[in-house]
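Everything quoted here is computed from the prediction, not taken from an experiment.
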Amino acid sequence: MDRKEQLRGYFANVEEDKRSFAYDTIDEYLFFLDRIAELKELPYIRVHPKYPARQELTPAAKLIREYSQAVDGKRKTLLMILYRVESSAADDLLQRLAEFEQ
């Protein structure tokens with residue numbers, strides 16, 4: 001079973017409108033995780049061309065920060081949806097999300 005199906009399984013017993021929203025959120029969550037993995041292969045800092053003692057963040061590092069914030073927001077949204085339905089399942093979901101992010 002792939003990551004998407006594992007996460008969607010947590011929302012099988014949720015109302016249709018919330019389930020639809022959760023599925024969209026899962027797709028976005030996984031998209032951002034994949035982009036972060038790609039960006040982590042690129043350099044994070046570069047030396048300033050005129051001032052070698054100065055270092056700058058690369059665009060990849062800036063995107064990683066933005067995408068990480070988006071991942072946090074998606075995680076909170078998924079947990080909020082699930083917690084309102086079944087609080088014990090929210091703990092399982094949080095553990096599963098942590099596994100995906102490693």
request  = May I ask you to decide if Glu16's main-chain N or O and Ser20's side chain share a donor-acceptor pair within less than 3.5 Å?
outcome  = no
Note to self: If we ignore hydrogens and angles and just use 3.5 Å, is the side chain of Arg19 paired with the main-chain N or O of Asn13 as donor and acceptor?
What the structure shows: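 Not at all, since once roles are kept as given, no pair shorter than 3.5 Å links the two residues.
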Going by heavy atoms in the side chains, are [X] and [Y] under 4.5 Å from each other?
X	Y	value
Ile26	Phe11	yes
Pro59	Arg46	yes
Tyr10	Leu78	no
Thr58	Leu42	no

(request) Return yes when atom CZ of Phe21 has more than 12 non-hydrogen atoms of other residues, nucleotides or ligands closer than 6.0 Å, and no otherwise. (result)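 Result for CZ/Phe21: open.
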task = Determine the sole option in Asp27, Leu30, Thr25 for which the side-chain contact (heavy atoms from CB on, under 4.5 Å) test with Leu7 is passed.
result =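 Considering Asp27, Leu30, Thr25, a side-chain contact (heavy atoms from CB on, under 4.5 Å) with Leu7 is found only for Leu30.
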ask   = With the 4.5 Å side-chain cut-off for hydrophobic clustering, are Phe31 and Ile36 part of the same group?
value = yes
Salt-bridge present (Arg8, Asp2; N to O < 4.0 Å): no
Those residues that, when tested against [X], pass side-chain contact (heavy atoms from CB on, under 4.5 Å) (two or more places apart):
X	answer
Tyr44	Lys40, Ala61, Ile64
Gln69	Arg65
Glu66	Leu63

Heavy-atom closest pair (Ala60 atom, Pro43 atom, distance to 0.1 Å) is CB-O, 4.0 Å
Could you pull out the closest heavy-atom pair between Arg35 and Glu38, with the gap in Å?
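So the minimum-distance heavy-atom pair works out to NH2-OE2, 3.0 Å.
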Is the charged tip of Arg75 near the ring of Tyr29: under 6.0 Å from the six-membered ring centre and within 45° of its axis?
no
Output for pair (Asp72 CG, Thr77 OG1), nearest 0.5 Å, gives 10.5 Å
For this session: Starting at CG of Asp24, measure out to NZ of Lys74 and round the result to the nearest 0.5 Å.
Result: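 Answer for the CG-NZ pair, Asp24 versus Lys74, is 9.0 Å.
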